[in-house]
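Worksheet: one structure, shown below.
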Amino acid sequence: MRRFSIRNATLADIAPLLRLEELSFRTDRVSRQSFRRLIRSPSAICRVARAGNHVAGYAVVLSRTGSTVARLYSLAVDADFRGLGLAAALVEDAERMATRRGMTRLRLEVREDNPAAIRLYERLAFRQCDNRPGYYADGATAIRYQKRLERRRSPGGARPLRSDHRQG
């Protein structure tokens, strides 16, 4: 099994992130400008999974001030690293990071013609809550999923301290 590390994305990661977008998605790709904005945004969590010096995957979570609902905006794993549990690790990391920011639910959209992603999200306890016909640029329907995030309590029942979004 390969080892991965997950950390916050930096501007130096943009080129490999764009390469991963090209390999992973036919339409609705995140642009260079969007990655730059997401990496710098205090309302976005942009995480990369690395295997050695290679960007093997990434996840982007968005939040809005005043809301306790976060959105898993994008997730991609390099084909060479699929089947190793990396997508699940990225989703679980996204959940932890969103919880640290006080989010109580995580939502996402997935193409109805992506059975592997649907199986992953359902295995990770996401529940279907809506359909969005014509959601994607090519007209494909999106299935919307949601999961309630559990706040972990430290021993003795005290709530954990909120951490800065740059940590973790």
Side-chain angles (χ1 to χ4, degrees), residues 1-64 69-101 103 106-126 132 135-147 149 163-168:
M1 171 119 183
R2 296 181 181 179
R3 291 193 164 275
F4 302 99
S5 61
I6 300 175
R7 62 161 173 76
N8 289 328
T10 67
L11 295 176
D13 294 315
I14 291 176
L17 288 171
L18 289 170
R19 180 185 153 279
L20 192 51
E21 281 292 294
E22 286 285 323
L23 296 172
S24 300
F25 304 111
R26 293 185 312 267
T27 63
D28 300 286
R29 293 180 183 136
V30 179
S31 69
R32 177 180 301 279
Q33 179 180 353
S34 292
F35 270 125
R36 184 175 286 114
R37 189 177 66 252
L38 290 166
I39 290 168
R40 291 178 171 161
S41 174
S43 64
I45 302 166
C46 190
R47 305 279 282 173
V48 295
R50 297 188 63 89
N53 291 326
H54 187 79
V55 172
Y58 80 88
V60 175
V61 176
L62 304 177
S63 62
R64 288 193 329 235
V69 179
R71 179 176 174 221
L72 181 58
Y73 176 69
S74 189
L75 173 78
V77 173
D78 186 314
D80 291 340
F81 296 90
R82 291 183 188 153
L84 302 173
L86 181 54
L90 281 163
V91 173
E92 290 165 355
D93 178 75
E95 292 174 15
R96 275 190 304 277
M97 299 302 287
T99 300
R100 287 181 183 180
R101 289 197 182 181
M103 301 293 113
L106 184 60
R107 288 186 184 150
L108 61 91
E109 293 84 22
V110 61
R111 292 177 65 97
E112 70 178 353
D113 60 359
N114 189 344
I118 291 168
R119 280 191 305 275
L120 169 71
Y121 297 130
E122 289 180 354
R123 184 170 48 83
L124 294 174
F126 283 84
R132 301 254 168 128
Y135 181 82
Y136 293 100
D138 64 358
T141 295
I143 303 172
R144 179 177 260 190
Y145 281 86
Q146 179 173 276
K147 180 177 182 177
L149 301 175
S163 71
D164 182 0
H165 74 275
R166 291 177 295 255
Q167 295 177 348

| request: Kindly write out the residues that satisfy ring pair (Phe, Tyr, Trp, His ring centres under 6.0 Å) with Phe126, not counting sequence neighbours, or none if the list is empty. | output: Tyr121

| message | For Tyr145, run the side-chain hydrogen bond (donor to acceptor under 3.5 Å, both in side chains) check against Glu109, Arg107, Glu122 and tell me which one passes. | response | Glu122

| note | For Ile39 and Cys46, the nearest pair of non-hydrogen atoms, with its separation, is CG1-SG, 3.9 Å

| query | Would you call Lys147-Glu95 a salt bridge at under 4.0 Å N-O? | reply | yes

| field | Closest heavy-atom pair and its distance - Leu86, Ala49 | value | CD1-CB, 3.5 Å

| task | Assess whether side chain to side chain contact (heavy atoms under 4.5 Å, CB included) is satisfied between Arg71 and Leu108, documenting all intermediate values. | result | CA-CA 6 Å; Arg71 179 176 174 221; Leu108 61 91; 5.9 Å; no

| message | Can you give me the closest heavy-atom contact between Val77 and Ser24, atom names plus distance? | response | O-OG, 4.2 Å

Show me the side-chain donor-acceptor pairs of residues 31-38 shorter than 3.5 Å, one per line, residues at least two apart or across chains.
residue: Ser31; atom: OG; partner: Ser34; partner atom: N; Å: 3.0
residue: Ser31; atom: OG; partner: Ser34; partner atom: OG; Å: 3.1

| said: Please find the pair of heavy atoms, one from Met103 and one from Ser63, that lie closest to each other, and give the distance. | reply: SD-CB, 4.0 Å

| Check against salt bridge (charged side-chain N to carboxylate O under 4.0 Å, His left out), Arg19 and Asp13 | CA-CA 10 Å; Arg19 180 185 153 279; Asp13 294 315; over 6 Å; no

| message | Please enumerate all residues that pass side chain to side chain donor-acceptor pair (under 3.5 Å) together with Glu21, with sequence neighbours excluded. | response | Tyr58

| query | Taking all atoms of both residues into account, what is the closest heavy-atom pair of Gly57 and Leu90, and its distance? | reply | C-CD1, 3.9 Å

